[in-house]
Structure formats: structure tokens, C-alpha cells
Amino acid sequence: MAEAFNDLVLPTEKVARYAALVEEVAAVLEGEPNLTAKMATVASMLASSFDHFFWTGFYVVDPDKHDELVVGPYQGSLGCMRIAFGRGVCGTAAATGRSQVVDDVHAFPGHIACDARSASEIVVPVFDAEGTLIAVLDIDSEQPAAFDGNDDLWLKTLMAQVFADGRPA
Ligand code: SME
């Protein structure tokens, strides 16, 4: 137990890193309107901020289907191409519009295993300034129970800043 705990980022350190990251992302993306550029930049900066993030990226709402996600910019091993709304962790976040924090992905009904090394994950819905769902942010870790309410709060803040002009979802 102690060993597993030592592998995780301590809460205060996590909060400090997220706070710095939010500032850095704002500086890098200032004036940039392109969605792909924003998602690629956020995925890269998140992945390099936390060593225990194993897969970090976006599944975007397919503009032609509306009830299906298609893989977007990401960092990590090969991701699944498409996920129907309601399927797995990403599909549940998209269908409900609510964050999913999963301590053990193998216990999550319908979890889609893109990479067997993934043990826990967080998926945060991404809305535009009008409140329309445009994507989900998916972060996976090889460590079990790697995500908590702090991750959810800071990732929601980051998504609102980058994709919704700072408007909370
Ligand atoms: N684990 C996700 C699928 C996407 S991959 O992890 C990159 C899910 O069940 O939604």
C-alpha cells in the first residue's frame, strides 16, 4: 500500500502542477482559435506534466454522426478509432455530460481496453462556449486509482479555459 502511494503525486504537488499548467497553456494558446491546435497542445502539455499519465488525449464528437466519438489529438500508444456514445468510460462521459473517475478500469462495465496496461482513468467532457459537447478528454494511468476530485476540478477548469472562454460547464 505504502509503495503504491509513493508512486502517486502528492495532492499538494498535484495542485501546484495543475495551477502552473493552466497558466502555461493560456500563454502558449493565446489568440489561437484552431481546435486541433488547441487539443494537440493541451495533450502534449498534460502528458509532459505528469509522469503517471500513460495515455492523454481527446475523443471528438463526430460532426457527421453526433452520437459517436472519433479519436483526436493524443499522446501515448495507439488508441481505438471510434467509440459510440454510452460505450465504455469515454462513451459514458459523452452520453451523460459528466466526468468519469475510474479507479479500476477492469471493473467498469463495458470498458474498452485499447491498451492492457491501462489500470485507471479519468474522462472529462469538453464543451464549447455555447455549452455544446465537442469532445471528451481521456487520461489513462498504469497505476490503479491515479485520479481523484482534484484532477477532475483542475481538468474541468482547463477545458473551460481553453474551449469555452472560461465559462464553467
Ligand atoms: N478506455 C477508454 C477507451 C479509450 S482508450 O483508453 C485510449 C474507454 O473505455 O472509454
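Being a predicted model, the structure only gives us computed values, none of them experimental. Start at 1 and go down the list; that is how both ligands and their atoms are numbered.
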_Spatial distance of atom CZ (F53) from atom CZ (F147) [nearest 0.5 Å]_ = 5.0 Å
*For Q143, does its backbone N or O pair with a side-chain atom of S120 as donor and acceptor, under 3.5 Å?*
yes
_Nearest-contact summary for atom 3 (C) of ligand 1 - protein heavy atom, Å_ = I112 O, 3.5 Å
*Should we count CD of E13 as having more than 12 external heavy atoms under 6.0 Å?*
yes
*So is Y74 in contact with ligand 1, going by heavy-atom distances below 4.0 Å?*
no
*Output the distance between atom SG (C80) and atom CD1 (I112), rounded to the nearest 0.5 Å.*
6.0 Å
*Sub-4.0 Å atoms of ligand 1 with respect to non-hydrogen atoms of Y59*: 4 (C), 7 (C)
*Give a yes or no on this: more than 12 heavy atoms of other residues, nucleotides or ligands lie within 6.0 Å of atom CZ of R98.*
no
_atom 1 (N) of ligand 1 [closest protein heavy-atom partner, distance rounded to 0.1 Å]_ = E121 OE2, 2.8 Å
*Where's the contact between F108 and ligand 1, heavy-atom distance under 4.0 Å: side chain, backbone, both or neither?*
neither
_Within the 4.0 Å heavy-atom shell around G88, which atoms of ligand 1 are there?_
9 (O), 10 (O)
*Nitrogen or oxygen atoms of H111 and ligand 1 under 3.5 Å apart*: yes
*For atom 5 (S) of ligand 1, what's the nearest protein heavy atom and its distance?*
C114 SG, 3.1 Å
*Distance to 0.1 Å, residue and atom name: give those for the protein heavy atom nearest to atom 6 (O) of ligand 1.*
D140 OD2, 3.0 Å
*Q75 to A43 - nearest heavy-atom pair and separation*: CG-O, 3.6 Å
_Backbone N/O of V15 and side chain of W154: donor-acceptor pair under 3.5 Å_ = no
_When you compare ligand 1 with R87, is there at least one nitrogen or oxygen pair between them that comes in under 3.5 angstrom?_
no
*To which protein heavy atom is atom 10 (O) of ligand 1 closest, and what is the distance rounded to 0.1 Å?*
C90 N, 2.7 Å
*Identify, for atom 4 (C) of ligand 1, the protein heavy atom at the shortest distance, and state residue, atom and that distance.*
D138 OD2, 3.3 Å
*Does any N/O atom on V89 come nearer than 3.5 Å to any N/O atom on ligand 1?*
yes
*Please walk me through it: do L46 and L137 pass side chain to side chain contact (heavy atoms under 4.5 Å, CB included)?*
CA-CA 11 Å; L46 273 170; L137 170 69; 4.0 Å; yes
*Less than 4.5 Å apart, any side-chain heavy atom of V126 and any of F58?*
yes
